[in-house]
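Input: a single structure, listed below in structure tokens.
Here the structure is a predicted model, which is why all the values come from computation and not from measurement. Throughout, a chain's letter reflects where its sequence line sits, starting with A, and its residues are numbered from 1.
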Amino acid sequence: NIMERKQEAKNPFFRVVELDDATEDPALWGKNFPLQYDAYLRTVDQQRTRYGGSEALPRSPSEADPRSQVAPSRLEEDPRLKTMWAGYAFAVDFRKKRGHAYMLEDQTYTERVEKFKQPGTCIHCHASVYVPYTKAGKGELIKGFEHYNVLPYQEARKDFRHPIACIDCHDPVTMALRVTRPGFLEGIRALKAGQGVPDYDVNAQATRQEMRSFVCGQCHVEYYFKGEEKRLTYPWAKGLKVDQIADYYDEAGFKDWTHARTGAPALKAQHPEFEMWNQGVHSRSGVACADCHMPYTRVGALKISDHHVRSPLLNVNNACQTCHKWPEAELLARAEAIQGRTVALRNRAMDALMELVADLEAARKAGASAAVLDQARGFQRRGQFYVDFVESENSNGFHAPQEAARILGDAIDYFRKGQVALRPLPPAGTPR
Amino acid sequence: NIMERKQEAKNPFFRVVELDDATEDPALWGKNFPLQYDAYLRTVDQQRTRYGGSEALPRSPSEADPRSQVAPSRLEEDPRLKTMWAGYAFAVDFRKKRGHAYMLEDQTYTERVEKFKQPGTCIHCHASVYVPYTKAGKGELIKGFEHYNVLPYQEARKDFRHPIACIDCHDPVTMALRVTRPGFLEGIRALKAGQGVPDYDVNAQATRQEMRSFVCGQCHVEYYFKGEEKRLTYPWAKGLKVDQIADYYDEAGFKDWTHARTGAPALKAQHPEFEMWNQGVHSRSGVACADCHMPYTRVGALKISDHHVRSPLLNVNNACQTCHKWPEAELLARAEAIQGRTVALRNRAMDALMELVADLEAARKAGASAAVLDQARGFQRRGQFYVDFVESENSNGFHAPQEAARILGDAIDYFRKGQVALRPLPPAGTPR
Amino acid sequence: MSSHGLGIGHAAGLLAVLLLGAALGLGGYTFAYAKGWSYLTNDAAACANCHVMRDQHDGWTKSSHRAVAVCNDCHTPHDPVGKYYTKASNGFWHSYYFTTGTFPEPIRATRRSRAIAEANCRRCHEPVVAAMGTPAHAGSREISCVRCHGSVGHLELGATNVAGEEGHD
Ligand SMILES: [Ca+2]
Ligand SMILES: [Ca+2]
């Protein structure tokens, strides 16, 4: 009978070592699952795509930063970003992201950490935290999370050894997917509560297909540090759309920093891949992150999930063509057409922002009233968050093409309205 | 019962009457093809969808306008349109479109015709023109076209009896699809020439699948009347994108009218369904207008094209589900999500336009310099054409979701830049 | 509406279907006429006897499986009784719908027949897919093959041939 035969065949792997909830080192897991482990190690690869992927820039290692390779600086590629983030750590060092293998070192050595005081909270998404968290929390994950959030980053950093590892996504005994990140556990619960589903427990209630995206949503999301405890929080109580998140911050009276040149109470958006994907037709169709970024791949007699997590455009055959029977070149062209439109509109929005910042600076010098300035700052705050929501989203619009364009359209309107607020029509007779 | 079905299967239709190139009356064609004819007659139906479809408004017939039903006025639904078109016929009467059966009467009785002088050119897309054109041109279609273009509308009107009929899309002998509209014959030739394909002859060179869209592109396109001969022209020489068309008009130094309140040399965009569809993923995938608006439908053992041309959202199972295995409610929700985003952004753009018009009017009164005014008018001209390109496109963004949003984003930027151009920053010390 | 998903035991089911057909006074007739018995063979063309099956037949002839699997390899369960029960069931109901012409179009696989197809995917591809995914997660279904391989049995032109979750019973 089919069912039974499945059971027998279920696990074609040999259990060489016994894994438990304290086994952090991926090399040990790799003894049982060498194919996944080998692929996982390949996240060191660095290869560009037209708009994404990752790229290696050689550098001479120093005391402070021993890295011999880094990703290119976005600030040098587009200096307008320095103006957008004026007065905030991101204006000092912001680079392209690269493979999972680098997450821990890239965080450790970024000038955002070296030149600014950062909380232990940061580690949540840049290391294998499950074991240290539970240890520090005496068996309680959340307690450990809270313990590290309040420490200075460098002090917390000492207890973490690996970038993301198997145990961050898998149950060591069943190998089932498992969410281990307090930020997501609490964030998704707040989201579901807002939708009328109380006490949502993702590990108990999510379907397997949902888990194929939720494990990524543990980190590829917008976040902020809440209150004195610097508690990592995903601002989802009102929903996942950019407007709902901006409203959430307004009501919480939250700001990330005060813009150095305009005095606006500014917000920073970070990598909302999960939120944007949720607005797109792929997620509506039940297509998970893993479907495209970890597609099944044939290895010998077996089909396994490609643990070399990377841009699907480097792997169109497996990532797209099982579902889309179009030639590889055509699929690439479709993705790039979407990205090209997004980037063009994003540049238009950045130009509008530059003009608003210049106007605000000038109006400030010219002694405009607080009321007028604050109105314009309000437009800057919101518009900047919208642009950043697309700018920092790493698919250049692919995850939700129309939504990305609509967000940028709204942003342009906010920036220009800010300028208009600062520029009254001249009274009749003024020579122009 | 099965007996009959097998019968039908053998013999799709009986040739009762001989059709030739002079057979205009669809009723005659209907004798050979009763199924298609019956469906064709049903284009009188009027049924709404969330954002589209058509709707019947009862009215008391008058001398001037004997219609007992009309489509709702868009001008009343959104008075901002009157401002956009101030000084142009569209600001007087502009209604929702409805079924093919009404095309001739709706044109005859619109106030755009009754209160304004219109050329015979108009008839090109509102009647069955093939027979009258060839007759007037002594066998030469183009000559007949030119003959009627220069007549006053009312005079030309007399020679046309039917709304679009079979002969406008079909060869009477082979029943193959055939393009009969000079505007498209010349427009597509200009487009292909621009792409390096000389002397393109659509009826000889287009594939069958292309023809399933080209027959619609005969009329569902942006157009203008060129020169003194009022020659109907599709502005495609540089390409089908809104930017390329706007550039075309700029280089031709063409304007449709001078905006009554601002003096801007304005442009009117009309129903660019064909152009927008070209930018979407459906056309990229080879999905033709007829696939959705005239889907194959089973009548007994036969599969025929549904000649009741209408909104596919009234017919989701035939129009969409043959390709998309999603439930009807889900497909509707997807289409409406796209349309909802488009409409929201379109409203944002309209508001920006209203503010620019107000500013321009004020600046004019306040005696701003011609240089400043012309700069702002330039922004109005382009922005208005962009908004109208989406506003007058009848799918509310569905045909190309991201492109529609991108166009609106650009338009918003143009309008606001126009305002900024009219509003210099006040010199230091100005009390505000 | 419930067509193939008759919740009756296998052997009894086959009998019940035939009796029911006779009772309605058309089962026997349409069945014979529409070569009802002939497609109890594994001849794909037999399914295409019905013009309404032609699209799927055409799709199958373009699919990667045309040479390796016939209709019944995917659409009938592969335990002996179930096979003939399902066929008789299909046969009777297809004849019934076909005659009365009262069935929803486009034709869609029922939950039951999609489950049968999925089971058949695994039956043939056990070795390849054995490693796929981890033991089912609390509250989850096994992962669906058709979600990614929707076109292996029927290569359809046009859209991504991805199965929706739904399906009439
Ligand atoms: Ca943030
Ligand atoms: Ca026009």
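Interface residue B/A333: backbone and side-chain heavy atoms are both found under 4.5 Å from chain A. Only the side chain of B/L345 comes within less than 4.5 Å of a heavy atom in chain A; its backbone stays farther off.
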Test side chain to side chain contact (heavy atoms under 4.5 Å, CB included) on B/E330 and A/R284 and set out the steps.
CA-CA 9 Å; B/E330 168 62 11; A/R284 257 202 113 113; 2.8 Å; yes
Using side chain to side chain contact (heavy atoms under 4.5 Å, CB included), reason through B/S285 and A/R334 one step at a time and then give a plain yes or no.
CA-CA 10 Å; B/S285 305; A/R334 288 183 188 195; 3.1 Å; yes
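By the neighbour-count criterion of 12 heavy atoms within 6.0 Å, atom NZ of A/K241 is sparsely surrounded, having that number or fewer from other residues, nucleotides or ligands.
A side-chain donor-acceptor contact under 3.5 Å links B/Q402 to the backbone of A/I338. A/R423 contributes a side-chain N or O that, together with a main-chain N or O of B/R423, makes up a donor-acceptor pair within less than 3.5 Å.
For chain A, the option among B/R406, B/E403, B/E355, B/Q419 with the highest count of heavy-atom pairs below 4.5 Å is B/E403. Ranking B/D359, B/D410, B/D351 against chain A, the residue ahead of the rest is B/D410, based on heavy-atom pairs under 4.5 Å. The candidate with the highest count of non-hydrogen atom pairs below 4.5 Å against chain A, out of B/L408, B/T342, B/V420, is B/V420.
Using a 4.5 Å heavy-atom threshold, the side chains of B/P401 and A/P401 count as separate. Under the 4.5 Å side-chain criterion, counting only non-hydrogen atoms from C-beta, A/I412 is not in contact with B/R416.
For the pair B/R348 and A/Y414, the distance from NZ or CZ to the six-membered ring centre is under 6.0 Å and the angle to the ring normal is within 45 degrees.
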